[in-house]
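Note: hydrogens, waters and symmetry copies are ignored here, and every other heavy atom, side chains too, is used.
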Amino acid sequence: MKNLTKVICLYFTLFLLFSNTSVFGEKIPFGKNSFIDYKTDKGTFDVFVNGKPVLKDGYSEVLVNNEMISSRAFNRRTTVKKNFKNDIGTGQHYQFTGRSKSGVTLIQSVFAYTNHPFFVIKVSVSGAALSSNQMFPLRGKLTAADDLTGQTSLMVPFDNDTFISYRANLLTMEKEHVSSEVTSVYDNRTRKGYVIGTLNHDQWKTALKTLLPVPQHLELAVECGYTSYELTRDRSAHGYLKGNSIASSGILFGYFDDWRTGMESYAKTVRETEKPIVANWTGATPVGWNSWGVMQEKLSYEKVTQVVDFFAENLKGFRTGNVAYIDLDSYWDNLLKGNDYSALKKFADYCKSKGLKPGIYWAPFTDWGFQGGSNRKAPGSDFTFGEMWTKVDGGFHDFDGARALDPTHPGTQKRIWSVISNLKACGFEMIKIDFLGHAAVESTQFYNPKVSTGMQAYRVGMEYLLKCLDNKMLIYAAISPSLASGRYVQVRRIACDAFKSIKDTEYTLNSVTNGWWQTYLYHYIDADHVVLGNEGEAANISRTLSAIVTGTLIVGDDFSANGPWKANAQKLFQDQDLLQIIRDGKAFKPVDGNRGKSASNQFIKEQGKVRYVALFNYGNSSAIAPIDYSRLGIDEQSIVSIEDLISHLPMNPVNYHQQALQPAQATMLKITLK
């Protein structure tokens, strides 16, 4: 009898060791020295990095058919484990499955990567005739520090509209922080921190909510199906997804030695997950001119051709790859006569005759003339604008002075086809598309019955726009969803309109400080038109360097008129040392990330054995910029030379640990290493 008991115990032990299901749970390794401890009896899990807990009591829940179902609610669950390989990497895929009393199956899927310091989790439900507009793939408590009140929480906006800013503030007790699609919680001094973000943006709008009830842990809720007027611009609830199977977005979760590396890794992972359908850009980094900077509604054929002449005769050195764009922004229809595009074609031909590339602007999903009534016929079709307006709770979506058009409506699409066909026929080689957030708004009923959420509509609209463009132009997004646009455009403006003052520079660099990582999601991010105007030399240099730090250089003064901006442009925009920095098109990395709605004062970029360091003073009084090489990630003993690219003077690298800056002044250091 004793021998029989021993045999049974032995077989039971072997079963626990080699089966996929264990009453004790699953230890899921990821990265180099991290693991998830999943408790299969409770439906919760803890996450450990280097032996320390960083997440406790993680779980998932879903609102389905008006019932909230939690992974913690099941008495029994099954576990399936298998190896996987995808474009991100390799690892093990775990599925934890439970079934509710109402007959709904809930599955938590965990992708634990062996070659990355993060895992991905998603939740799905299956059953008959399901409906959901709220899913929480991940809830839990962040616990990396004994006292989290010294940690910084990053708020990422849904888009770059309404002059919204990123915010990077210290956590405060009992105050909920809400970020769109991704957030980071980090110690700015050590730079250790979390990065948590969505990998899919074609179905859901997602918020990452954090709340600090006690200093020892931060409550986290990742909510797919979040809308608010302040963040997503919506005035209605998120649309419902319906069917026999509904899945959340995949959520990346990682704890990094440097949160900046984590954000860059996140952006690269999004790009691998949502492969771009826009053509790969192999041309030079875009530089050039845009009419919205100063000219705006005064745009005329005479004025814009004078700008072309100025570029051709006085800004010959302002090129990358021997290319510069001359881009007509809003009010290019001043050159139209009815539906006659001949003046626009004449302008495009004139640009090309001077060795420049013509660009154009359009907002394909907005009706700016909606106050003229609903019966106006849309170009290219027999549909009226009233039929095309996006329906929202018995009304319409009016924002930024324009009414949203339903991206799924055939009238909207025929209008896009008509206008884009004419612009292609004119020979434009770049298009700046604007107010794309109007295409992502939630609707009570889209024209296409298969589309039920704003992000689904955005995908339909952008895919159709790309079909019309047919890879004939460089595509630049102005106001647009921050994460969801990576598949559709080559260039994205990092902030809202910025013009000439030091405050414009600070506003732009707020977005670079907290959103520079988008340089790995897009071919290029852009600082918007650089205007010099009548500002002083310091503000002119700062504004120019804010664009260099972002990775491209688009300018906006009215070069058809005389003023100090002409001479200043010739000096600044033709500086080959500065243009060399942007040839790879990549943004600088912030040195600090705890500046609230302001911006880091220092940025760094690596090119081979050269480190470029940009220093800014946004204030009205003089300041001293400290040069902390360890903070910059530079071995001081390896420095060969330091040159100030603005003064063009060499700096003595011995004991060079600070730089004096005048009010509104900025400079660029070129540090060469052994």
Can you measure from CD1 (Ile479) to CG (Asp400) and round to the nearest 0.5 angstrom? 5.5 Å

Just checking Arg139: does its CZ atom have more than 12 heavy atoms from other residues, nucleotides or ligands closer to it than 6.0 angstrom? yes

Going by an N to O cut-off under 4.0 Å, is there a salt bridge joining Arg77 and Asp41? no

Value rounded to 0.5 Å, distance of CG in Asn33 from CG in Asn50: 5.0 Å

Which is it for Glu272 and Lys275 under the salt bridge (Lys or Arg N to Asp or Glu O under 4.0 Å) test, yes or no, and what are the steps along the way? CA-CA 6 Å; Glu272 289 293 341; Lys275 296 287 188 183; 2.5 Å; yes

Going by the angle between their ring planes, with limits at 30° and 60°, are Tyr507 and Phe163 parallel, tilted or perpendicular? tilted

Minimum-distance pair of heavy atoms, taken over all atoms of Leu148 and Leu218: CD1-N, 3.5 Å

If you count heavy atoms of other groups shown closer than 6.0 angstrom to OH of Tyr113, is the number above 12? yes

Please name all residues satisfying salt bridge (Lys or Arg N to Asp or Glu O under 4.0 Å) with Asp367, sequence neighbours left out, ordered by chain then number. Arg376

Closest heavy-atom contact between Glu506 and Ser598? OE2-OG, 2.5 Å

Pair Val156, Tyr166 - check side chain to side chain contact (heavy atoms under 4.5 Å, CB included), show working. CA-CA 5 Å; Val156 176; Tyr166 291 72; 3.8 Å; yes

Using every non-hydrogen atom in the two residues, find where Asn133 and Ala237 come nearest and quote the distance to one decimal. ND2-CB, 4.4 Å

Would Lys205 and Glu181 count as a salt bridge (Lys or Arg N to Asp or Glu O under 4.0 Å) here? Give the steps. CA-CA 7 Å; Lys205 292 171 184 163; Glu181 306 299 337; over 6 Å; no

For the aromatic rings, using the six-membered ring if either is Trp, is the centroid distance between His438 and Phe365 under 6.0 Å? no

Name the residue from Phe256, Trp259, Tyr255 that meets the ring pair (Phe, Tyr, Trp, His ring centres under 6.0 Å) definition with Tyr186. Trp259

Do Lys27 and Phe35 meet the cation-pi criteria used here (NZ or CZ under 6.0 Å from the six-membered ring centre, within 45° of the axis)? yes

Counting only heavy atoms from other residues, nucleotides and ligands, does the tally under 6.0 Å from NZ of Lys56 exceed 12? no

Classify the side-chain pair His238/Gln134 by whether it contains a donor and acceptor separated by less than 3.5 Å. no

Dump the intermediate steps for side chain to side chain contact (heavy atoms under 4.5 Å, CB included) on Arg492 and Ser482, then the final yes or no. CA-CA 9 Å; Arg492 180 178 184 269; Ser482 302; 3.2 Å; yes

More than 12 foreign heavy atoms under 6.0 Å from CG of Asp147: is that the case here? yes

Check against side chain to side chain contact (heavy atoms under 4.5 Å, CB included), Ser109 and Ile107: CA-CA 6 Å; Ser109 292; Ile107 302 173; 3.9 Å; yes

Nearest-0.5 Å distance, CE of residue Met462 to CG of residue Asp202: 13.5 Å

Verdict with supporting geometry, Thr162 and Arg233, side chain to side chain donor-acceptor pair (under 3.5 Å): CA-CA 10 Å; Thr162 67; Arg233 320 298 177 187; 3.1 Å; yes

Establish, yes or no, whether a centroid distance under 6.0 Å links the rings of Phe30 and Phe118. no

Which pair of non-hydrogen atoms, one from Cys224 and one from Ser248, has the smallest distance, and what is that distance? SG-CB, 4.0 Å

Output field: ring centroids Phe119/Tyr94 closer than 6.0 Å: no

Which heavy atom of Ile164 sits nearest to which heavy atom of Glu230, and what is that distance? CD1-O, 4.3 Å

When rounded to the nearest 0.5 angstrom, what is the spacing between NZ in Lys209 and OH in Tyr226? 5.5 Å

Between Glu26 and Lys81, is the closest basic N to carboxylate O distance under 4.0 Å? no

Side-chain ion pair, Asp187 and Lys192, N-O less than 4.0 Å: no

Partners meeting side-chain contact (heavy atoms from CB on, under 4.5 Å) with Asn448 (sequence neighbours left out): Thr408, Lys450, Val451

Verdict with reasoning, Lys42 to Asp57, per salt bridge (Lys or Arg N to Asp or Glu O under 4.0 Å): CA-CA 10 Å; Lys42 296 181 179 179; Asp57 301 326; over 6 Å; no

Would you compute the distance between atom CZ of Phe96 and atom OG1 of Thr44 and round it to the nearest 0.5 angstrom? 11.0 Å

Determine, stepwise, if the pair Asp526 / Tyr476 fulfils side chain to side chain donor-acceptor pair (under 3.5 Å). CA-CA 9 Å; Asp526 178 77; Tyr476 171 123; 2.7 Å; yes

Trace of the side chain to side chain donor-acceptor pair (under 3.5 Å) decision for Gln108 with Tyr59: CA-CA 9 Å; Gln108 287 175 294; Tyr59 67 99; over 6 Å; no

Parallel, tilted or perpendicular: which fits the ring planes of His93 and Phe84, with parallel below 30° and perpendicular above 60°? perpendicular

Would you name the heavy atoms of Thr519 and Ala587 that are closest together and state the gap between them? OG1-N, 3.1 Å

Side chain to side chain donor-acceptor pair (under 3.5 Å) assessment of His397 paired with Asp234: CA-CA 8 Å; His397 182 76; Asp234 292 292; 5.8 Å; no

Please check if atom CD in Gln445 has more than 12 non-hydrogen atoms from other residues, nucleotides or ligands closer than 6.0 Å. no

Check this for me, if you would: do Lys589 and Glu264 make a salt bridge, where the nitrogen-to-carboxylate-oxygen distance has to be below 4.0 angstrom? yes

Ionic contact status for Arg459 with Glu463, cut-off 4.0 Å: yes

Have Tyr458 and Ser485 got a donor and an acceptor in their side chains that come within less than 3.5 Å? yes

